[in-house]
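All remarks here apply to the structure that follows.
Please read these numbers as outputs of a predicted model, since none were measured by experiment. Throughout, a chain's letter reflects where its sequence line sits, starting with A, and its residues are numbered from 1.
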Amino acid sequence: MHKRYNHQEFEKKWQEKWKQDGTYNIGARDTSKEKEYVLVELPYPSGNLHIGHWYAFAVPDIYVRYKRMMGKQVLYPMGFDAFGLPAENAAIKRNINPRVWTKSNIEYMRNQLDSMGVAFSWDKTTSTIDPEYYKWTQWMFTQFFENNIAYRGEGVVNWCPGCHTVIANEQVLLDGTCERSGDMIEKKRMPQWMLRITDFADALIDDLDTLGDWPEHIKEAQRQWIGRSEGAEIDFKLNVNGASSTVNSTITVFTTRPDTLFGATYLVLAPEHPFLEQNRNSIENWKEVATYVQTAKQKSEIERGDNTKEKTGVKLEAITATNPANGEEIPVYIADYVLAGYGTGAIMAVPGHDERDNEFAKKFRLPIKRVVEPLFIQTDGGNAFRETDPVEPRDAVCVVVRNPADNTYLALEWKKDQMHGLVTGGIDDGEDLIEAARREVTEETGYKNLKVVRDQNFSIHCKFWHRVKEVNRHARFTYVFFELENNERKVVSESEQALHDSQWISENDLDSFFTVFEAKFAVTLLKNPEYIHTGNGLISHSGEFDGMDSEAAKIVITEKVGGRMTNTYRLRDWSIGRQRYWGVPIPIVYDPQGKAHIVPKEHLPWTLPEDVDFTPTGEPPLAKSQELKERTEHIFGAGWLPEVETMDTFVDSSWYFLRYLDNHNDEEFASKVRQQEWMQVDMYFGGAEHTTMHLLYSRFWQKALHKLGLTVHSEPYKMRINRGLILGPDGNKMSKSKGNVVDPDEQVKLVGADTVKMYLAFMGPYQGANYPFDLGGIAGIRRFLERVYGLEEHLVEVESKETTVLLHKTIKKVGSDITEFKFNTAISALMILMNQFEKNNLSMQSYQKFLLILAPFAPHISEELWHLTGQSSSIHIENFPNYDPSLVKDEVVTIGVQINGKHRGEITIAVNATETEALNSAKGNAELAARLARIVIKKVVYVPSRILNIIGE
RNA sequence: GCCGUGGUGGCGGAAUGGUAGACGCUGCGGACUCAAAAUCCGCUUCUCGCAAGGGAGUGAGGGUUCAAGUCCCUCCCACGGCACCA
């Protein structure tokens, strides 16, 4: 029966009891248990917990509690990431020190967190603003500086006028605004403290492959963000007025296609390229060039990034370059389609094989050379087709192979550059055609489920229809049909056809094609002069390299001209200096000559001075601190100056999960022993917005520490799950201005912490999706818990077998669902069980087991009811109940009955019933019998415990 | 444009290739009540039918299969990442 309860009566009570007993404290590593490190992103203490925090912390708590009950020692720590601009801005507004503001927020939020009733390991907490914490942040920085991972660099940086500080690339949104203030970012050239994350770019990409449990989409997002391109750097000699110039005589370009070097018909420099300033006197049209540079500077990032815009550029008069491959003198341009920040800021333009260069070349009437021949399919004679072959321009080739034995077909189509694979696949090396084709298509297209059929005439027959995605109704095909005879291809016919959109050739149509005409070979290729071949092929017009495979040619051509094979990355080094107050001071001092030195360990923490007016002016506030200045001179000597920038807060959060492990250690940030005990993080729940920020930074940080021998592991996280967002009841993102904010404190007061937590878990799978907070939905969960509260009225001495069976099935399902983060279906199973209990009563033993499996979801009410059954110790130190495998196995089963594939009824039969028994059972069903009487049974498909399908006519 | 994820009732969402829509919400009907709320019982994919019962149905179209939400192909749409990256 439904029974109201007052959550306020016992939720607080148990929270205090747990705290007092240290129920969730982790203590020392208990090696009798397996360890599990569950991590959630530590919050910024904004001063108020929002529903997103609940979703982030309380739902993973189900997982944590389950693992604890399964006998693991689970570390689930919580802390505060408390440096940063919001605190500083709030402090300015209130005219207090951000430390004071932040500390009071932490205290307040600590209470709010307690009201969740989550099993945090509070004895392992830390806060990034504690000097004992940032001492180590600083020490790590000094180690990085000593080992050339941190450096003072000069570069183009993102300046946020709203925040009065520089921010990192990752913190600039797509539209060029600041992720925090929303202001338009300005590009400034200034000295910057940088971390060499690019030195770790390869490791950051390659090691993703070792993270087998990570969701692929997260890994892919990181790969794209890092953006590795494999290519070569090639030097071009520059000539001024036709003569080889003495200064800056080379320009280095980066290219991914060194194999096309012979087709490079001009060079393009980014407008920011330093060559321009250095050679202004030699450039005859300097005025025009300077104007273009100026315009390019003023163009916003978005404008420049808009690749639909027509290409612009200016030729550098009196400057030419020499193509190192063929000695040709080629012109040099500047154009804003070349980016200063990528590669070397200069490119060799190959308009024959690059669409952007092609567009530019057409506009400026520059020569276009083709130096790579698209390579398609081999002919019977074994020669690859070349441009010179007399065929019409086509988009694709389709090869159909008919097996005359059973009149089935192999139909394969390849678009343009996909045909290359057929040649390298060794079709003509005596390998079975079908098998080779199957393998090639699988490799080339990624379509895996080709059907391979064996039959008596042919070793392997591949029954497969394939159309390449982009081939649409405008494409023209050549169809060539073969028959296979004793493994020999015999051409039957060839025909040309424009296929209508998404129309398949039916087998009947195919037959008519066979009669069209005879053909000698199976091929088509592109002779369209508009076609820019960007793929691989055979090298041509390149002297000694002609005929070489383009992939192989990359290396030898680079070698020949003295270039270097190298990678380049989209990722930039991480700029970490901030011109604001509320952060970790960069522990660097400058000697009177201006040389940077680290603050040695004995002077750490290098504390943040307090005697500072931190109103933002653009000048770093620390520069105004007398105390810091005196401290520096006192320790290092007269004339020494402190660094006055503070660190990006993403630095603080890049290693917090290590500090939790050893949060009171004065000697080390975390001892190797602790690391060995607890790392890696087994399960990291977090927000999708951190995929290319915190998640990448902290992986880098771990690798940098690892390189210096300071961490045991080079990857911090074994498994990562990105959760979604909780939206307002109207389906929009919660925001004060929309008035759709759901306040968790209010909800907790209204329906209790258990209900809020369970509702959040019930909305849908934890991974990925966003859900609106539905006030009706949460009432449903409350109703469920009230009925649970009333279950004791249904206690009986002996319960039915059916009830026991369902209990054990539910124990099994809840456990497996939790480990798959399907909390929603686990809760659904609990509800079904509860309904059964209410209808059919339950024994005390089952009641207690039910409370145990409910405990991870609703820790308070289960604890309360647990004690009401006479238990004196906490339910949260109990083990998760085992299910009895013999009870979970069904003896009888209800299966669907289909007649001709249509569902027509159900029968309930023994699990191990035979087909005859099943059929008889169906015949025993009046309705089914009536239907069966109307047909003649031709075939029966019976899958035990699944289906009975009767086919007849 | 490229890469990734997804598309199922009025809503959130369930379904190892085997009874589509579990569970919850909403809505409707009934019980209780002077009444309302709460609670309890029943119904709730659409459609034809008084009913018994029939038909359709998982973004669209095709394919494989005894059987497709699930596998394959093409297309459409939404969301996320990257994007003049050489």
Exercise. Do the numbers put A:K311 on top of the ring of A:Y337, so that NZ or CZ is under 6.0 Å from the six-membered ring centre and no more than 45° off the axis?
Worked result: yes
Partner of [N] by Watson-Crick or G-U wobble geometry, both contacts under 3.5 Å, or none?
N      : answer
B:rC2  : B:rG81
B:rU74 : B:rA60
B:rA37 : none
B:rC46 : B:rG55
B:rG12 : B:rC23
B:rA68 : none

Problem set entry | B:rU26 and B:rG62, which share atom name P, separated by this distance in whole Å | 40 Å
Each nucleotide N or O in nucleotides 5-8 of chain B that has a protein N or O under 3.5 Å away: list the pair and distance.
none

Exercise. Does the B:rG81 base have a donor-acceptor partner in the side chain of A:Q224 within less than 3.5 Å?
Worked result: yes
For this session: Tell me, yes or no, whether the heavy-atom count around A:K363 atom NZ, taken from other residues, nucleotides or ligands under 6.0 Å, exceeds 12.
Result: yes
Exercise. Are more than 12 heavy atoms from other residues, nucleotides or ligands located less than 6.0 Å from atom NZ of A:K812?
Worked result: no
For this session: Using a 4.0 Å heavy-atom cut-off across all strands, classify A:T894 as base, sugar-phosphate, or nothing.
Result: base
Exercise. So what does A:R223 touch, heavy atoms closer than 4.0 Å: a base, only the sugar-phosphate, or nothing?
Worked result: nothing
Every protein N/O within reach of nucleotides 23-27 of chain B N/O, cut-off under 3.5 Å:
unit_1, atom_1, unit_2, atom_2, d
B:rC23, O4', A:S828, OG, 3.1
B:rC25, OP1, A:R783, NE, 3.1
B:rC25, OP1, A:R783, NH2, 2.7
B:rC25, O2', A:D774, OD2, 3.2

Side-chain donor-acceptor pairs under 3.5 Å in residues 764-771 of chain A, sequence neighbours left out?
unit_1, atom_1, unit_2, atom_2, d
A:Y766, OH, A:Y55, O, 2.7
A:N770, OD1, A:L725, N, 2.7
A:Y771, OH, A:P765, O, 2.7

For this session: Any pair with a residue in residues 821-835 of chain A that passes side-chain hydrogen bond (donor to acceptor under 3.5 Å, both in side chains), sequence neighbours left out, goes on the list, sorted by first then second residue, please.
Result: A:R787-A:N835, A:D817-A:T825
Exercise. When syn is taken as a glycosidic angle within 90 degrees of 0, is B:rG59 syn or anti?
Worked result: anti
Problem set entry | Non-neighbouring partners of A:H353 that pass side-chain hydrogen bond (donor to acceptor under 3.5 Å, both in side chains), sequence neighbours left out | none
For this session: May I ask you to evaluate whether A:K813 reaches the phosphate of B:rA22, defined as a side-chain N or O under 4.0 Å from OP1 or OP2?
Result: no
For this session: Decide yes or no for A:V742 and A:Q747: does some side-chain heavy atom of the first lie under 4.5 Å from some side-chain heavy atom of the second?
Result: yes
Exercise. By ring-ring contact (aromatic ring centres under 6.0 Å, His included), which residues pair with A:F837, not counting sequence neighbours?
Worked result: A:F850
For this session: Without swapping roles, check the side chain of A:K369 against the backbone of A:F262 for a donor-acceptor pair under 3.5 Å.
Result: yes
Exercise. Hey, which of these two, A:W225 or A:G905, hits RNA chain B nearer its 5' end, going by closest nucleotide?
Worked result: A:G905
